Protein chains: 2
Amino acid sequence: MASNRDKSISEQINDIKKHLVAKGYKLTQQREVTLRVLLEHEKDHFSAEEVFLLVKEQFPEIGLATVYRTLELLSDLQVVEKINFGDGAARFDLRSTDGSHHHHHLICTECGTVEEIMEDGLLRLEQQIERQYGFAVTDHRLDFQGVCKECRAKQALNEQAAG
Amino acid sequence: MASNRDKSISEQINDIKKHLVAKGYKLTQQREVTLRVLLEHEKDHFSAEEVFLLVKEQFPEIGLATVYRTLELLSDLQVVEKINFGDGAARFDLRSTDGSHHHHHLICTECGTVEEIMEDGLLRLEQQIERQYGFAVTDHRLDFQGVCKECRAKQALNEQAAG
DNA sequence: CTGGCTGCAAATAATTTGCATACAA
DNA sequence: TTGTATGCAAATTATTTGCAGCCAG
């Protein structure tokens with residue numbers, strides 16, 4: 001029952017290294033630092049550029065293209081998920097080690113915050129889809145747009161002031 | 001109870017024209033043709049480029065930038081939804097007139113087809129999120145990845161041949 | 001009329017690619 | 001050693017923007 005929450009970052013990097021090696025890839029300095037950055041910020045949804053800037057702090061020689069290539073690779077390996085929230089750039093989200101990775105997103109339309117929630121009430125729906133459409137679901141993505149708690153509080157204050 | 005399914009395309013364009021005019025916008029030839037193309041292909045998920053090519057058939061003078069601007073405008077007006085499936089380009093999806101627009105997507109990882117399904121078992125979940133996180137849900141997006149019926153059939157055949 | 005709208009071309013922004021060199025296994 | 005990976009710069013792709021003229025209301 002070990003989830004990634006139970007493992008140190010080094011252990012997780014080691015696990016991922018095995019995946020890499022198994023497919024004939026190498027764990028370079030650049031890839032390791034990139035992984036470390038992702039693991040240290042598992043709740044964020046960084047763009048390639050943002051990852052690049054953070055990696056650069058620990059490894060200044062790295063090039064942006066390498067970060068793109070690494071993220072692409074990690075995406076293929078199912079280590080990260082590439083998501084597009086509609087602002088210009090793709091964002092990258094760590095998947096959980098066990099492959100279930102079912103966190104959903106609460107995207108605030110006021111402040112742009114993206115919060116992750118762990119939740120899974122979708123199994124029933126997936127089964128229904130499989131039955132009804134003959135579509136074999138392997139994965140899903142569920143995002144909610146709306147107004148987060150903080151922005152609602154602000155809105156309430158403003159209305160009070162205005163009213 | 002009139003849904004957009006009950007209305008002719010001209011009627012729908014007229015409805016949308018009212019929205020436009022109400023906000024001080026004009027219904028130009030270009031916008032009308034673009035709308036017509038979208039309405040005639042309501043089950044597709046075209047990129048701006050694809051819309052452009054289709055509009056060009058009926059209105060050759062149009063420029064790509066105009067299509068982008070029109071789609072942006074229609075997006076603001078909630079007439080279309082701008083979605084990003086992760087291939088390089090944004091795609092545009094008609095919303096239903098009543099604003100509910102809750103269709104979800106079945107994205108086949110084999111052939112790339114995107115099928116729409118009308119379904120809404122998410123109300124309960126939205127309510128739970130509101131209670132649990134204080135997040136006021138206004139909209140959601142639910143996509144399923146997997147293998148569609150057709151590709152599964154093909155896979156089955158191939159396995160048979162191989163086995 | 002006239003302010004919004006358009007087409008065009010140039011500007012951005014994100015991402016990819018070619019290539020000579022560097023380095024992990 | 002040797003093929004994979006990297007950094008850089010140039011190329012590509014999607015989208016946006018400036019601007020002079022155009023047209024719907």
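Any value given below was found using the heavy atoms of this structure, including those in side chains, with hydrogens, waters and symmetry copies removed. Per chain, numbering begins at 1; letters A, B, ... match sequence-line order. Note that the coordinates shown come from a computational prediction; the quantities given were computed from them, not determined experimentally.
A salt bridge links Asp139(A) to Arg95(A): at least one charged side-chain nitrogen sits closer than 4.0 Å to a carboxylate oxygen.
Listed by chain and residue number, nothing satisfies the side-chain hydrogen bond (donor to acceptor under 3.5 Å, both in side chains) test with Gln160(A) (two or more places apart in sequence, or in another chain). Listed by chain and residue number, nothing satisfies the side-chain hydrogen bond (donor to acceptor under 3.5 Å, both in side chains) test with Asn14(A) (two or more places apart in sequence, or in another chain). Under the rule for a side-chain hydrogen bond (donor to acceptor under 3.5 Å, both in side chains), Asn158(A) has no partner lying at least two apart in sequence or in another chain. The side-chain hydrogen bond (donor to acceptor under 3.5 Å, both in side chains) search around Glu116(B) returns His45(B), not counting sequence neighbours.
Residue Glu61(B) contributes atom CD, which lies 9 Å from atom P of dC8(C) at whole-angstrom precision. Rounded to whole angstrom, the span from the CZ atom of Phe52(B) across to the C1' atom of dC8(C) amounts to 11 Å. Separating the CG atom of Asp87(A) from the P atom of dA14(C) is a distance of 9 Å, rounded to the nearest angstrom. Rounded to whole Å, atom P of dA9(D) lies 16 Å from atom CD1 of Ile62(A). Regarding Leu74(B), its CG atom lies at a distance of 14 Å from the C1' atom of dC5(C), rounded to whole Å. The distance from atom CG of Asp76(B) to atom P of dC5(C) is 12 Å, rounded to the nearest whole Å. Between the CG atom of Leu73(B) and the C1' atom of dT6(C) there is a distance of 14 Å, rounded to whole Å.
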Distance-only donor-acceptor hits, side chain of residues 52-77 of chain B, under 3.5 Å, sequence neighbours excluded:
{"unit_1": "Lys56(B)", "atom_1": "NZ", "unit_2": "Pro60(B)", "atom_2": "O", "d": "3.3"}
{"unit_1": "Thr70(B)", "atom_1": "OG1", "unit_2": "Thr66(B)", "atom_2": "O", "d": "2.8"}

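Listed by first and then second residue, the ring pair (Phe, Tyr, Trp, His ring centres under 6.0 Å) pairs involving residues 112-134 of chain A amount to none (not counting sequence neighbours). For residues 7-43 of chain A, every residue pair satisfying the ring pair (Phe, Tyr, Trp, His ring centres under 6.0 Å) rule, not counting sequence neighbours, is listed here: His41(A)-Phe46(A).
In this structure, Phe59(A) reaches the sugar-phosphate backbone alone: every heavy-atom distance under 4.0 Å involves primed, P, OP1 or OP2 atoms, never a base.
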>> Treating primed atoms plus P, OP1 and OP2 as sugar-phosphate and everything else as base, which nucleotides of nucleotides 15-25 of chain C get B, S or - for protein heavy atoms under 4.0 Å?
In response: BBBB-----BS
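Helix-axis bend for the helix from dC1(C)-dG25(D) to dA25(C)-dT1(D): the local axis fitted to the five terminal pairs at one end deviates from that at the other end by 50°, rounded to 10°.
Between His140(A) and His104(A), the ring planes lie tilted relative to each other; the angle falls in the 30° to 60° range.
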